[in-house]
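Note sheet for the following structure.
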Amino acid sequence: MKMRKVISAFLVLICIFTAFGLCALGASAAEGSKIVYATTNASAKQGSYGYLYVYLDDLTDLSALNVSVYYDTEKITVRGVYNQVSCVVEDIATDDGCVNASYIFDGKGKAEKTNLFYIYYQVNTTAEVGDTYFDIVVTEAYDNSLNDIPFSGSRCAFNITERAVSNSCSIYSTS
């Protein structure tokens, strides 16, 4: 049993170092490109609800964009996805473990932080306690001349905590 705990701890450390390594690789590969990123609460209890906001810092010269947000369906259930940006055409689809948002813009975007969309989600009551992630991936981005624009996705992490169940007992009597 102790050996299993040692192996589990070792595997957790490997996963943590791998995650940090991938983040460092993504940051260096993304140099000079625009980034689509997301924010949510730092932690959430099992069974609770939350919002994930997906942002873009700069809409200038952006004509088309396709963003996917991947999540673990064993831990997260998406309850709704809501567009927040003005555009010519927008399509948001939710598939098992993925939210895909496609946009065609009018080319008049500004160089300011813009909320593209947000996801209303629930942490499953049976979700494993610990860190989980939303991975944001940009599959297509084009400027007004339909040239590729270098875009990077990102990873948004939060911690799932155990839901505290309070047990109380009351005794009532008529005597």
Between [X] and [Y], is any pair of side-chain heavy atoms under 4.5 Å apart?
X: Leu65; Y: Leu116; value: yes
X: Asn159; Y: Thr132; value: no
X: Val78; Y: Tyr71; value: yes
X: Lys110; Y: Leu59; value: no

Spacing of Glu128 atom CD and Glu74 atom CD [to the nearest 0.5 Å]: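 It comes to 10.0 Å.
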
Approximate separation, where rounding is to 0.5 Å, of Lys34 NZ and Asp58 CG: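 Answer for the NZ-CG pair, Lys34 versus Asp58, is 4.0 Å.
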
Full working for side-chain contact (heavy atoms from CB on, under 4.5 Å) between Asp135 and Val69: CA-CA 5 Å; Asp135 290 313; Val69 178; over 6 Å; no

Indicate every side-chain donor-acceptor pair of residues 81-99 with a distance under 3.5 Å to a residue at least two apart or in another chain.
from: Asn83; atom 1: OD1; to: Val85; atom 2: N; distance (Å): 3.4
from: Asn83; atom 1: OD1; to: Tyr103; atom 2: OH; distance (Å): 3.1
from: Asn83; atom 1: ND2; to: Val85; atom 2: O; distance (Å): 3.0

What heavy-atom pair brings [X] and [Y] nearest, and what distance separates the two atoms?
X: Ser154; Y: Ile35; answer: CB-CG2, 4.5 Å
X: Thr125; Y: Gly47; answer: CG2-CA, 3.7 Å
X: Ala64; Y: Phe105; answer: N-CD1, 4.4 Å
X: Thr40; Y: Cys156; answer: CG2-SG, 3.7 Å

Residues Val123, Thr77; criterion side-chain contact (heavy atoms from CB on, under 4.5 Å); working and verdict: CA-CA 6 Å; Val123 178; Thr77 301; over 6 Å; no

If only side-chain N and O atoms count, and only distance matters, is there a donor-acceptor pair under 3.5 Å linking [Y] with [X]?
X: Tyr51; Y: Thr39; result: no
X: Ser68; Y: Asn100; result: yes
X: Thr126; Y: Asn124; result: no

side-chain contact (heavy atoms from CB on, under 4.5 Å) evaluation trace for Ile76 with Thr73: CA-CA 5 Å; Ile76 303 293; Thr73 57; over 6 Å; no

Taking [X] for the side chain and [Y] for the main chain, is one N or O donor matched with an acceptor at less than 3.5 Å?
X: Ser43; Y: Ile160; result: no
X: Gln122; Y: Ser48; result: no
X: Ser145; Y: Asp143; result: no

With sequence neighbours excluded, residues passing side chain to side chain contact (heavy atoms under 4.5 Å, CB included) with Val137: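 By the side chain to side chain contact (heavy atoms under 4.5 Å, CB included) rule, Val137 matches Tyr70, Thr139.
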
Verify same cluster id: Ile136, Tyr118 (apolar side-chain graph, 4.5 Å):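 No, Ile136 does not connect to Tyr118 through the hydrophobic network.
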
hydrophobic_cluster_shared for Val36 and Ile149, side chain cutoff 4.5 Å: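 Yes, it is one cluster - the side chains of Ile149 and Val36 are joined through contacts under 4.5 Å.
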
Whether Phe158 and Phe134 hold their rings parallel, tilted or perpendicular, with breakpoints at 30° and 60°: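 Judged by the thresholds at 30° and 60°, the geometry between Phe158 and Phe134 is parallel.
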
Parallel, tilted or perpendicular, as decided by the 30° and 60° cut-offs, for the rings of Tyr120 and Tyr49: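 Tyr49 vs Tyr120 ring planes: parallel.
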
Identified ring-ring contact (aromatic ring centres under 6.0 Å, His included) counterpart of Tyr37 within the set Tyr55, Phe151, Tyr53: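 Filter result, single survivor: Tyr55.
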
Test side-chain contact (heavy atoms from CB on, under 4.5 Å) applied to Val129 and Gln46, step by step: CA-CA 8 Å; Val129 172; Gln46 294 169 324; 3.6 Å; yes

salt_bridge(Asp57, Lys113) N-O dist < 4.0 Å: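 So Asp57 does not pair with Lys113 through a salt bridge.
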
Residues, nucleotides or ligands: over 12 heavy atoms within 6.0 Å of Glu162 CD: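 Count not over threshold, so no.
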
